S.K.: 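Input: one structure, supplied below.
Quick note: numbers below take in every heavy atom, side chains included, and nothing from hydrogens, waters or symmetry partners. All of these numbers come straight from a predicted model, not from anything done at the bench.
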Amino acid sequence: MVTHIALDEHAAPVVGLVGGGFMGEVHTRAARAAGAAIAGVSSSTHSSAVKAATRLHIPVAYESVAEMLEDPDIDVVHICSPNSSHAAIATAVLEAGKHVICEKPLATAPEQTENLLQLAAVTGKVAAVPFVYRFHPMVREARSYIQNGDVGPVITVQGSYFQDWLVSTAADNWRVNDELGGPSRAFADIGSHLCDLVEFVTDERITELCAQTRTVFDSRALNTAITTEDVAAVMFRTASGVLGTLMVSQVAPGRKNKLSFEIHGTTRSIFFDQEQPESLWVGEKTASKVVVRSPSDNCPDAARLSRVPAGHPQGYQDAFNSFVADTYAAITGSTPEGLPTFADGVRSAYITAAVLESARRRSWVSVPDSPISFASQSSKALVR
């Protein structure tokens, strides 16, 4: 006997994709994993949109973003285009009455990000930013240690994010061009993830920092007179007095995507490595242990994000899938815990701006308690 199952056609939104590069592929896989249908893709040119549509098996290649936004079937737009285009496209998406997921940075100037946050609040649309490392289950486990007081008051934080994909002058990309990528590269690109993760896990806010940046290669295969940084080193203080250091590099040979943090409290320390995301090191003075991902043993938030049983490794794409699934849940009226919204994108923009200003002045600078204009609105309030 054949049993026909009634499916809810509106369980997941219809998606429009802007940009078909590496991140476009990641977003596509995540959207499909969440059950969404991808209506079409737009890119910098119609020919590149056609190539992306063919490669990603998307039915429509739009002539432009404007044409995409005229499609009444599209509910949410994923923006994966170069940084300098984010603000204008996100503005158009929100004004068209559609939800948006926009890659960071939201804009290349902090003030522009606040305009986007205001627009998201006015339109009431879900506006999310892919700070996806929050969605590793063991990051949530680390956060629970802090929230439950198992680490004690936090004393120090050390974090780093190392990559090697730009380690030679032969390596090049649009991101090194400040006209496309913005005034910051390494810090805006990967340091932003590190800061978001540290603040999210500790629930501390960086209030002051002192930074140095370095451009190791001022000329590459396709770009000359490069001003964006390859390396950034940051010391910081938080409002409660926590001291920390951050090191970011895209020219660290052998390090492919090495994001890690170590947090020291008065009773315990915790260490997480994104390249080994299935475990969390917990240190004590008399003994230390490794806590592994196990839905039956981890905190509820970590268990919720565990897609497969213990012993079946999860990774970056799984974290991205969880982020997109939570964003779609927010669109249907839920309030998922820890969903990064445009408020977090604004926060990231102001920290990045402070890093560049500190490096320019060679001094400590304050980090505004952004979002400045909307300080009374929490991230949760923006995902209704």
S.K.: Would you sort out whether Ser192 and Ile351 count as a side-chain contact (heavy atoms from CB on, under 4.5 Å), showing the intermediate values?
M.R.: CA-CA 8 Å; Ser192 57; Ile351 292 177; over 6 Å; no
S.K.: For Pro59 versus Ile38, what's the shortest heavy-atom pair and its separation?
M.R.: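 That closest heavy-atom pairing would be CD-O, 3.3 Å.
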S.K.: Taking all atoms of both residues into account, what is the closest heavy-atom pair of Thr215 and Asp230, and its distance?
M.R.: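 Nearest heavy atoms, Thr215 then Asp230: C-OD2, 3.5 Å.
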S.K.: Flag the pair Lys258 and Asp273 as a salt bridge only when some basic side-chain nitrogen lies within less than 4.0 angstrom of an acidic carboxylate oxygen.
M.R.: yes
S.K.: Between Glu229 and Arg185, is the closest basic N to carboxylate O distance under 4.0 Å?
M.R.: no
S.K.: Between Ile263 and Val198, is any pair of side-chain heavy atoms under 4.5 Å apart?
M.R.: no
S.K.: Measure the CG-CG distance between Asn223 and Asp218 for me, rounded to the nearest 0.5 Å.
M.R.: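 One gets 11.5 Å once the value is rounded to the nearest 0.5 Å.
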S.K.: Determine whether the side chains of Ser240 and Glu204 contain a donor N or O and an acceptor N or O closer than 3.5 Å.
M.R.: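 Present: a donor and an acceptor within the cut-off.
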S.K.: Might you point out which heavy atoms bring Pro368 and Ser366 nearest each other, and give the distance in Å?
M.R.: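 Heavy atoms of Pro368 and Ser366 come nearest at CD-O, 3.7 Å.
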S.K.: Does either side chain, that of Asn115 or that of Glu111, offer a donor lying less than 3.5 Å from an acceptor on the other one?
M.R.: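 Judged by distance alone, the side chains do not pair up.
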S.K.: Enter the distance from Ile146:CD1 to Thr202:OG1 here, rounded to the nearest 0.5 Å.
M.R.: 7.0 Å
S.K.: Transitively linked via ILVMFWY side-chain contacts under 4.5 Å: Phe271 with Met138?
M.R.: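 They do not share one cluster, since no chain of ILVMFWY contacts under 4.5 Å joins Phe271 to Met138.
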S.K.: Is Leu194 reachable from Met235 through a run of hydrophobic residues whose side-chain heavy atoms are each under 4.5 Å from the next?
M.R.: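 The answer is no; the residues belong to distinct hydrophobic clusters.
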S.K.: Do Ile331 and Val324 sit in the same hydrophobic cluster, where Ile, Leu, Val, Met, Phe, Trp and Tyr count as joined when their side-chain heavy atoms come under 4.5 Å apart?
M.R.: yes
S.K.: For Pro105, which of Val346, Thr113, Asn83 qualifies under side chain to side chain contact (heavy atoms under 4.5 Å, CB included)?
M.R.: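 Exactly one option meets the side chain to side chain contact (heavy atoms under 4.5 Å, CB included) with Pro105, and it is Asn83.
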S.K.: Return yes if some donor-acceptor pair links the side-chain N/O of Lys98 with the main-chain N/O of Ile74 below 3.5 Å, else return no.
M.R.: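 Answer holds: yes.
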S.K.: Of all the heavy-atom pairs spanning Val14 and Ala39, show the shortest one and how long it is.
M.R.: CG1-CB, 3.7 Å
S.K.: First locate atom NE2 of His27, then atom NE2 of His78, and finally report the distance between them rounded to the nearest 0.5 Å.
M.R.: 7.0 Å
S.K.: Please answer whether the main-chain N or O of Gly283 pairs with a side-chain N or O of Ser288 as donor and acceptor at a distance below 3.5 Å.
M.R.: no
S.K.: Determine the minimum heavy-atom distance between Val139 and Leu197, stating which atoms define it.
M.R.: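 Where Val139 meets Leu197 most closely, the heavy atoms are CG1-CD1, 3.8 Å.
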S.K.: Could you check Arg347 against Arg205 for side-chain contact (heavy atoms from CB on, under 4.5 Å), going step by step and ending with a plain yes or no?
M.R.: CA-CA 10 Å; Arg347 173 73 183 161; Arg205 293 294 175 267; 3.8 Å; yes
S.K.: Working to the nearest 0.5 Å, report the span between OG1 of Thr228 and CZ of Phe217.
M.R.: 12.5 Å
S.K.: Does the distance from a Lys or Arg side-chain N to an Asp or Glu carboxylate O, for Arg304 and Glu337, drop under 4.0 Å?
M.R.: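 No, no charged N to carboxylate O under 4.0 Å.
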S.K.: With clusters defined by side-chain heavy atoms of hydrophobic residues (ILVMFWY) lying less than 4.5 Å apart, directly or transitively, does Leu280 cluster with Val290?
M.R.: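 Val290 and Leu280: separate clusters.
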S.K.: Is the distance between the ring centroids of Tyr316 and His136 less than 6.0 Å?
M.R.: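 No; His136 has its ring centre 6.0 Å or more from that of Tyr316.
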S.K.: Evaluate Ser322 against Arg307 for side-chain contact (heavy atoms from CB on, under 4.5 Å), listing each step before the verdict.
M.R.: CA-CA 9 Å; Ser322 292; Arg307 301 294 185 180; 3.1 Å; yes
S.K.: Keeping Ser358 on the side-chain end and Val355 on the backbone end, is there a donor-acceptor pair under 3.5 Å?
M.R.: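 No, Ser358 side chain to Val355 backbone: no donor-acceptor pair under 3.5 Å.
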S.K.: Looking only at non-hydrogen atoms, find the nearest pair between Ala34 and Ala325 and report the distance.
M.R.: CB-CA, 4.2 Å
S.K.: To the nearest 0.5 angstrom, please state how far the CG atom of Asn257 sits from the CD atom of Gln274.
M.R.: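 Reported to 0.5 Å precision, the distance equals 5.0 Å.
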S.K.: Can a salt bridge be assigned to the pair Arg134 and Asp326 using a cut-off of 4.0 Å between side-chain N and carboxylate O?
M.R.: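 No salt bridge links Arg134 with Asp326.
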S.K.: Would you kindly say whether Glu70 and Tyr62 are connected by a side-chain donor-acceptor distance under 3.5 Å?
M.R.: no
S.K.: Kindly indicate whether the side chain of Val126, heavy atoms from C-beta on, has any atom under 4.5 Å from the side chain of Val76.
M.R.: no
S.K.: Indicate yes or no: at least one non-hydrogen side-chain atom of Leu166 is less than 4.5 angstrom from one of Arg220.
M.R.: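 SC-SC contact between Leu166 and Arg220 confirmed.
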S.K.: Under a 4.5 Å cut-off applied to non-hydrogen side-chain atoms, are Gln314 and Ser306 in contact?
M.R.: yes
S.K.: Is there side-chain contact between Asp150 and Thr267, with at least one heavy-atom pair below 4.5 Å?
M.R.: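 When only atoms from C-beta onward are counted, Thr267 and Asp150 do not touch, as no gap falls below 4.5 Å.
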S.K.: Give the cluster check for Ile79 versus Leu180: same hydrophobic cluster or not, with ILVMFWY residues linked at side-chain heavy-atom distances below 4.5 Å.
M.R.: no
S.K.: Are Phe187 and Thr213 side-chain neighbours, meaning at least one heavy-atom pair lies under 4.5 Å?
M.R.: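 Contact flag for Phe187/Thr213 side chains = no.
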S.K.: Please determine which of Asp189, Thr352, Asp344 meets the side-chain hydrogen bond (donor to acceptor under 3.5 Å, both in side chains) test together with Lys104.
M.R.: Asp189
S.K.: Do the side chain of Asp318 and the main chain of Gly315 share a donor and acceptor less than 3.5 angstrom apart?
M.R.: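 At least one qualifying donor-acceptor pair exists.
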S.K.: Measuring from atom SG of Cys195 to atom OH of Tyr161, what distance do you get when rounded to the nearest 0.5 angstrom?
M.R.: 12.5 Å
S.K.: Between Asp164 and Lys256, does any NZ, NE, NH1 or NH2 come within less than 4.0 Å of an OD or OE carboxylate oxygen?
M.R.: yes
S.K.: Any Lys/Arg nitrogen of Glu141 or Arg293 sitting under 4.0 Å from an Asp/Glu carboxylate oxygen of the other?
M.R.: no
S.K.: Heavy atoms, side chains only, cut-off 4.5 Å: are Phe135 and Pro340 in contact?
M.R.: yes
S.K.: Report, as yes or no, whether the 6.0 Å neighbourhood of atom CD on Glu275 holds more than 12 heavy atoms from other residues, nucleotides or ligands.
M.R.: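 Counting neighbours around CD of Glu275, more than 12 heavy atoms of other residues, nucleotides or ligands fall under 6.0 Å, so yes.
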S.K.: Evaluate Thr327 against His99 for side-chain contact (heavy atoms from CB on, under 4.5 Å), listing each step before the verdict.
M.R.: CA-CA 9 Å; Thr327 303; His99 305 284; over 6 Å; no
S.K.: Do Arg143 and Phe200 form a cation-pi contact, if we require the NZ or CZ to be under 6.0 Å from the six-membered ring centre and within 45 degrees of the ring's axis?
M.R.: yes
S.K.: Please tell me if the side chains of Gln250 and Ile190 come closer than 4.5 Å, counting only heavy atoms from C-beta onward.
M.R.: yes
S.K.: Checking Ser334 side chain against Pro336 main chain: does a donor-acceptor pair fall under 3.5 Å?
M.R.: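 A pair under 3.5 Å: no.
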